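Lettering follows sequence order; numbering is per chain, from 1. Not measured: the values here are computed from a predicted model. What you see below is based on every heavy atom in this structure, not just the backbone, and it leaves out hydrogens, waters and symmetry mates.
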2 protein chains.
Amino acid sequence: MGDTTPDPSATVRDRHEALHAEIRRRICLLDYAPGQRLSEVALAEEFGTSRTPMRRVLARLEDEGLVQSLHGVGTLVTDADIAALEQEYHLRLELTELTGRLDPVMPDAVFLATLDQLIARGAQMVRDGTPRDFTAFDMEVFQVLLQLTGNLPLRDTLERLYYKTKRIWLTAAIEAQLDLQAEFRIFHHELEAIRIALHSGDLDAVAHIQRAHISMSFQRLRKQRD
Amino acid sequence: MGDTTPDPSATVRDRHEALHAEIRRRICLLDYAPGQRLSEVALAEEFGTSRTPMRRVLARLEDEGLVQSLHGVGTLVTDADIAALEQEYHLRLELTELTGRLDPVMPDAVFLATLDQLIARGAQMVRDGTPRDFTAFDMEVFQVLLQLTGNLPLRDTLERLYYKTKRIWLTAAIEAQLDLQAEFRIFHHELEAIRIALHSGDLDAVAHIQRAHISMSFQRLRKQRD
DNA sequence: TTTGATCAATTTGTGTACAACGTTGGCGGA
DNA sequence: TCCGCCAACGTTGTACACAAATTGATCAAA
């Protein structure tokens, strides 16, 4: 089978985090599309464990709103709910702006270098990247930029909102036949703008740039839908 | 034993929610003090179930940061972490302000009547309420006022933050020998102010009043600590 | 043909035995 | 007396068997 090697040295909590991150990633990349049914036993077998720890992971994903377990039916990847998506986007906007005001963390040289490398990879991706590559890249950038705030509950909340909105955005973008190539280019421009703001040490500007792009991205999606 | 009667008509999810709310309530009321060890088997027996559903509840509480399970040790009610508390308070301030801007829900007559009754009960509590009564009352008011925003993820986030900060506040307030009677009176004043703002339909004002009081409450606590 | 009930198959939820792990107290030796 | 070892105990984590619930197929009757 597609046995994922379990690391025996990892602690229980590490294994839980790894499983949670991996399945969340698959959901976000649409490997598990909205509405798809996940099998507890299949997942457990794939990761070389039993149902119990896997159920622990799925329960957490259910609390986060990414899946929904129904007795006798299965564990379903939650589907798009436009009304909920709009609320999540609005809240994400405001929280993103807050990252510039609540415990901002001034980036060090290593951080700036990491981001520069990311942006370079992004330029390449604009040319020959698939939607899946693009989303994976987007996730990576998000995780890096999240480090710019030292407020942990803010980080957690933003992370939850990000994963809950991103995959629905991708689904809707494909469905509405949004010009993904154009979206890539806009994202790359955003990163360039963020780099400039970062090098001048203006974290509030970084936050507002992100806020503006999240807002515009959602507007484009809504306009295309109508 | 202290068998809590299980409702056979309730669905699985209802039972889970009930258990979660009850244990969270006990933690917030300091029935389970920070550092205290909870027994899975004891809780399971008390609520007339087995360890499995109880572990599902405790896992959720752990994800919410209210307890921490350690293999071979026990499930401990998380203790106060002043640095984390400060971050949570700051975020709570901003999110509380947001309730006035994100999907505000104009209260109907029933809501206003409910609140008036609450305020009346609050006046009585100022005279002869124990700290435990006061906290229970505070929780009730919080849940009611939360209905003033229609933004569900905002509600959820605020709820998490509220329960995570409130119990630590109570612990610290007792420890720092804060004048709880004075705190009761101030809270009652806050409610009067909120009523006025509500009757004039100014939800943004309601949000700012709450924000101001949360901020001042934390300031008083910090000043008393030093 | 349609409709209805019934049954088998599949899935999640629960209970329980056992493994893994950390703590604590006692015991022995220096 | 003090230190270190270790064994017994209690707790959480895992695995698995079974219960509960839903779905879909199948078949008989209208």
Side-chain angles (χ1 to χ4, degrees), chain A residues 1 3-20 22-23 27 32-79, chain B residues 1 3-20 22-23 27 32-79:
Chain A
M1 319 302 171
D3 237 43
T4 305
T5 58
D7 183 357
S9 75
T11 176
V12 170
R13 193 171 184 98
D14 289 341
R15 286 177 57 78
H16 172 78
E17 290 297 331
L19 260 58
H20 173 264
E22 175 58 24
I23 295 180
I27 292 175
Y32 301 146
Q36 180 171 341
R37 203 179 62 198
L38 304 182
S39 167
E40 292 182 353
V41 287
L43 284 174
E45 276 183 16
E46 181 190 350
F47 290 100
T49 180
S50 76
R51 278 182 62 209
T52 307
M54 186 54 67
R55 278 178 60 76
R56 170 75 177 82
V57 171
L58 292 176
R60 180 171 165 195
L61 290 170
E62 181 168 17
D63 290 337
E64 294 172 348
L66 294 181
V67 304
Q68 184 184 14
S69 289
L70 298 177
H71 193 176
V73 179
T75 302
L76 311 177
V77 178
T78 53
D79 209 340
Chain B
M1 320 305 168
D3 239 42
T4 304
T5 56
D7 183 357
S9 76
T11 174
V12 171
R13 192 170 185 98
D14 290 339
R15 286 180 57 78
H16 172 78
E17 290 295 332
L19 261 57
H20 173 264
E22 175 58 24
I23 295 180
I27 291 176
Y32 301 147
Q36 181 171 343
R37 203 179 62 198
L38 304 181
S39 166
E40 293 181 352
V41 287
L43 284 174
E45 276 182 16
E46 182 190 348
F47 290 100
T49 179
S50 75
R51 278 182 63 207
T52 308
M54 187 54 67
R55 280 178 59 78
R56 170 75 177 81
V57 171
L58 292 175
R60 180 172 164 193
L61 290 170
E62 181 168 17
D63 291 338
E64 293 171 350
L66 294 181
V67 303
Q68 182 184 15
S69 289
L70 297 177
H71 192 174
V73 180
T75 302
L76 311 177
V77 179
T78 53
D79 208 341

Query raised in the report: Taking atom C1' of D:dT11 as reference, at what distance in whole Å does atom CZ of B:Arg55 sit?
Result: 10 Å

Query - Whole angstrom value for the distance that separates C1' of D:dG10 from CG of B:Leu70 - result: 14 Å

Query raised in the report: Side chains of A:Val57 and A:Phe47: closer than 4.5 Å at any heavy-atom pair?
Result: no

Report summary line: Residues passing the side-chain hydrogen bond (donor to acceptor under 3.5 Å, both in side chains) test with B:Gln36, sequence neighbours excluded, are none

Query raised in the report: So does A:Thr49 get a side-chain nitrogen or oxygen closer than 4.0 Å to the phosphate oxygens (OP1/OP2) of D:dA15?
Result: yes

Query raised in the report: To the nearest angstrom, how far is B:Glu40 atom CD from C:dT14 atom P?
Result: 15 Å

Report summary line: note: A:Gln68, atom CD; C:dT12, atom P; distance rounded to Å ~ 13 Å

Query raised in the report: C:dT12 C1' sits how many Å from B:His16 NE2, rounded?
Result: 15 Å

Query raised in the report: Any side-chain heavy-atom pair from B:Ile23 and B:Met54 closer than 4.5 angstrom?
Result: yes

Query raised in the report: If only side-chain N and O atoms of B:Arg51 are considered, is one of them under 4.0 Å from the OP1 or OP2 phosphate oxygen of C:dG15?
Result: no

Requested in this report: Would you mind checking if B:Glu17 and B:Arg60 are paired as a salt bridge, meaning a charged N to carboxylate O distance below 4.0 Å?
Outcome: yes

Query raised in the report: Counting any heavy atom closer than 4.0 Å, what does B:Leu38 reach on the DNA or RNA strands: base, sugar-phosphate only, or nothing?
Result: sugar-phosphate

Query raised in the report: Under 4.0 angstrom, heavy atoms only, what part of the nucleic acid is B:Arg37 near: base, sugar-phosphate, or nothing?
Result: sugar-phosphate

Report summary line: Whole-Å distance, B:Arg56 CZ to C:dT12 C1', equals 12 Å

Query raised in the report: How many Å lie between CE on B:Met54 and C1' on C:dG13, as a whole number?
Result: 15 Å

Report task. Could you check which of C:dA20, C:dT14, D:dT14 has an atom nearest any side-chain atom of B:His71? Result -> C:dA20

Query - B:Arg15 CZ - D:dA21 C1' separation (whole Å) - result: 16 Å

Query raised in the report: Below 4.5 Å, heavy atoms only, C-beta onward: do B:Glu22 and B:Glu46 meet side chain to side chain?
Result: no

**Report entry** Nearest listed nucleotide, side chain of B:Ser69, among D:dT14, C:dG15, D:dG13
**Finding:** D:dG13

**Report entry** Short side-chain N/O contact to D:dT14 OP1/OP2 from A:Thr52, under 4.0 Å
**Finding:** no

